[in-house]
A.B. asks: 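So that we are looking at the same thing, I have put the structure below in structure tokens.
Small disclaimer: the values here were computed from a predicted structure and weren't measured. Only heavy atoms go into these numbers, but all of them, side chains included; no hydrogens, no water, no symmetry mates.
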Amino acid sequence: MPPKPILVKNETKKNVVITPSRVVSRPDNLEGGEEIEIAAQISVPQEGGWGWVVVIACFISICILDGVTFTFGSMLPDIASDFNISDSLVALVNSIAVAIYFIAGPLASAFINRFGFRACIMSGSVLSSFSLLTSYFVTNYASLCVFYGGFAGFGYCLINMSSGLVVGFYFEKLRSLALAIATCGSSVGTMTFFPLNSYLVKLAGWRTTTLLHSGLFGLIYFLGMTFQPLLSLTVVQTTDDPTRTVTYLPNLSTVGLQRTVSGTKADTLLPTATERLFSAVSNANFPTAANVVGETKVTSDTQPGPSNAPVSKLTLTVHSPHGGISQRHLKQVQSIISRTSVHDKSRRNMEINIQMEKPKKIGCWARLCHWEEHIPQSRPMYRDDAFYDGKLEKLPVYQKSMMETKAEGKTGLEYQLAVSRAATAVDLQERRGVFTTAARRVLATMMDPKLLKKNSFIFLCMAGFLVYLGFLVPFVFIPYRNESAGIDPSHCVLFVSAISLANVFGRLILGALACKVEPLRIFIFSILIAGISTILSDLSYNLYYQYTYCFIFGFFISSIASLRSMVLVSLYGLDNLTNATGVMLLFQGIGSLISTPIAGILKNNFGYSVSFYIAGAFITFGAFFLIPVKSMSLKENNIDSDSLKQPDTNIDIKSSK
């Protein structure tokens, strides 16, 4: 019997699609958790069109952001002279900003999940612009640290996280290309701003230059208006069926479980310290959207996920940013539901209704600024691949989602379902407050220290810390070192631009090469070359030798940004990428905080050569820390696999009263 046709009604009612779902039952052999009502929520990429406008906006935003952040060295002597303080103290100001730029990443991600990309980048624009404007008037060093370092640094973080992540949600097949174009704005901005800043500082001083930077950050506010919300789909409970879709999650209020364990492993579902701290369950405990609406059971009884319990009806709510569903999006929704009906005989008698509302009237101002309200149900940071900037075709989860669907049954949503984590019903209903479940859950995910139990990840974090101890030194001090060595000042202002130009090529070439060769090997080799070249950078102060060093360092140091996510996925899997990124940002931020101040102190006491020797040594040691990471990770994965295979028949778990 063929499935019933999908009925489409053009009415001014809520956009709903009725489809059956499964009940995720409580495993009998687990304690310490509770059943929570969940819903599957996914975003639908546009794959081109307006997405390219977003790419251009992100490119310009990142160009302004990193152009100001990483060219602070051009203003360093003028600020030191104005406040009558040492170079190392002035360098600390920007180090604070760069440190917060990294360390506040989890908090900025939480705000993105709560308020959306547009609100965050626009807020970051206002905060950064106001902070730099205030810095124009400051008369003491402490105020400069607070406004130029602290407040501006958090604004930078909001802009960086929004611009760096939003592009990935507009594309699927062309995602790596779009992200590469957008992130190259960092190198282009640094290449352009250093000679421009140097000229403006000589012409009008650092305060006027900072005033110009404040205006440029104000422009990002309008660039952020291009971040239009995407169509999102949410599976929720139907009003005519009392059956809920639930999963078994750690109970955050659970205290004092008494366990009697025979063996090496206890099947308990207890919250981690981070989950208790933020009062939210991390993404790792939630099933994917594919599992929630899937046709087969893919998890064991001791893992969160769908069970073989009887099915019941759910409502698939279509949240459109434009007040109505386009024909292309309507076909996608119809196709995915039709495929589900065809392949599951128990669902062939299902009738699906899609009720569409009329498009909203848009005023003149809304047309001009492309303003649409943030979709409250949108949860972008619940996707496992939010921080991934490599080719999706290389991901096992992408290959699996494509292989398991026949060509005639593909809808374009299989991958989104496979990488999107379910949300609780309470989460989707929260509308007020800042630190709602949507924000706290991201913090609990990114700040979870579970990976720090792995020695390989500790080595990886230490490598990131050491590399960033030396990363900023050439950007800040190489013009002044070479000028003091007798090189023409007209060339000295171009050395940072040479590093940045090479950085553009490095991002593109090394990123493409990592798709064919193991990313960690390229990462180790690149960091090692960048470190050794920095140590050897003062062998000669011949003009061509210095330009050669700048090109080598800029090309290979680009691997830090372009290969980080691919390295993390290759070692720990896509499901751990968000957590690993959050922890690594902390180590990178701490390294950035003390990098240039240490180099400044060494320069003042021992000269520029020693500061570059030490910076290069830190980067080189970071590469050495990376060498054993692969073998350590393989051993840890084998141990984890063996522990999962061990029988758990003698485990007895009792709750204390």
A.B. asks: Test of understanding: with salt bridge (Lys or Arg N to Asp or Glu O under 4.0 Å), list the residues that count as partners of E483, not counting sequence neighbours.
C.D. replies: none
A.B. asks: I'd like to check the side chain to side chain donor-acceptor pair (under 3.5 Å) partners of D87; sequence neighbours left out, ordered by chain and number.
C.D. replies: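 D87: side chain to side chain donor-acceptor pair (under 3.5 Å) contacts with K603.
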A.B. asks: With sequence neighbours left out, write down each residue that passes ring pair (Phe, Tyr, Trp, His ring centres under 6.0 Å) with F459, or none if nothing qualifies.
C.D. replies: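 In terms of ring pair (Phe, Tyr, Trp, His ring centres under 6.0 Å), with neighbours along the sequence ignored, F459 is linked to F625.
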A.B. asks: Among all residues two or more places apart in sequence or in another chain, which pass the side chain to side chain contact (heavy atoms under 4.5 Å, CB included) test with T548?
C.D. replies: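 Result, side chain to side chain contact (heavy atoms under 4.5 Å, CB included) vs T548: I552.
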A.B. asks: Holding to ring pair (Phe, Tyr, Trp, His ring centres under 6.0 Å), I want the full list of residues that pass it with F624, two or more places apart in sequence or in another chain.
C.D. replies: none
A.B. asks: Before accepting this row, confirm whether a basic side-chain N of the pair D82/R207 lies closer than 4.0 Å to the acidic partner's carboxylate O.
C.D. replies: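 Yes, this pair counts.
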A.B. asks: If the condition is side chain to side chain contact (heavy atoms under 4.5 Å, CB included), which residues does C145 pass it with, not counting sequence neighbours?
C.D. replies: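 C145: side chain to side chain contact (heavy atoms under 4.5 Å, CB included) contacts with V93, I96, Y141.
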A.B. asks: Mind listing the side-chain donor-acceptor pairs of residues 580-587 below 3.5 Å, one per line with the distance, residues two or more places apart or on another chain?
C.D. replies:
from, atom 1, to, atom 2, distance (Å)
T581, OG1, L577, O, 2.8

A.B. asks: Mind checking ring pair (Phe, Tyr, Trp, His ring centres under 6.0 Å) for F495 and listing every partner two or more places apart, or none if nothing turns up?
C.D. replies: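 Scan of F495 (ring pair (Phe, Tyr, Trp, His ring centres under 6.0 Å), adjacent residues dropped) gives Y547.
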A.B. asks: Please name the pair of heavy atoms, one in S595 and one in G470, separated by the smallest distance, quoted to 0.1 Å.
C.D. replies: OG-N, 4.1 Å
A.B. asks: Under the side chain to side chain donor-acceptor pair (under 3.5 Å) rule, collect the residues that match up with S484, sequence neighbours excluded.
C.D. replies: none
A.B. asks: Can you name the residues that form a side chain to side chain donor-acceptor pair (under 3.5 Å) with S125, not counting sequence neighbours?
C.D. replies: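 Side chain to side chain donor-acceptor pair (under 3.5 Å) check on S125 returns nothing, list empty.
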A.B. asks: Please identify each residue that fulfils side chain to side chain contact (heavy atoms under 4.5 Å, CB included) with S128, with sequence neighbours left out.
C.D. replies: Y156, I159, F217
A.B. asks: Between N604 and S88, what is the shortest heavy-atom contact and its length?
C.D. replies: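 Smallest interatomic distance, heavy atoms only, reads ND2-OG, 4.2 Å.
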A.B. asks: Tell me every residue that passes side chain to side chain contact (heavy atoms under 4.5 Å, CB included) with F171, counting only those two or more places apart in sequence or in another chain.
C.D. replies: E47, W52, V55, V167, L174, R175, A178
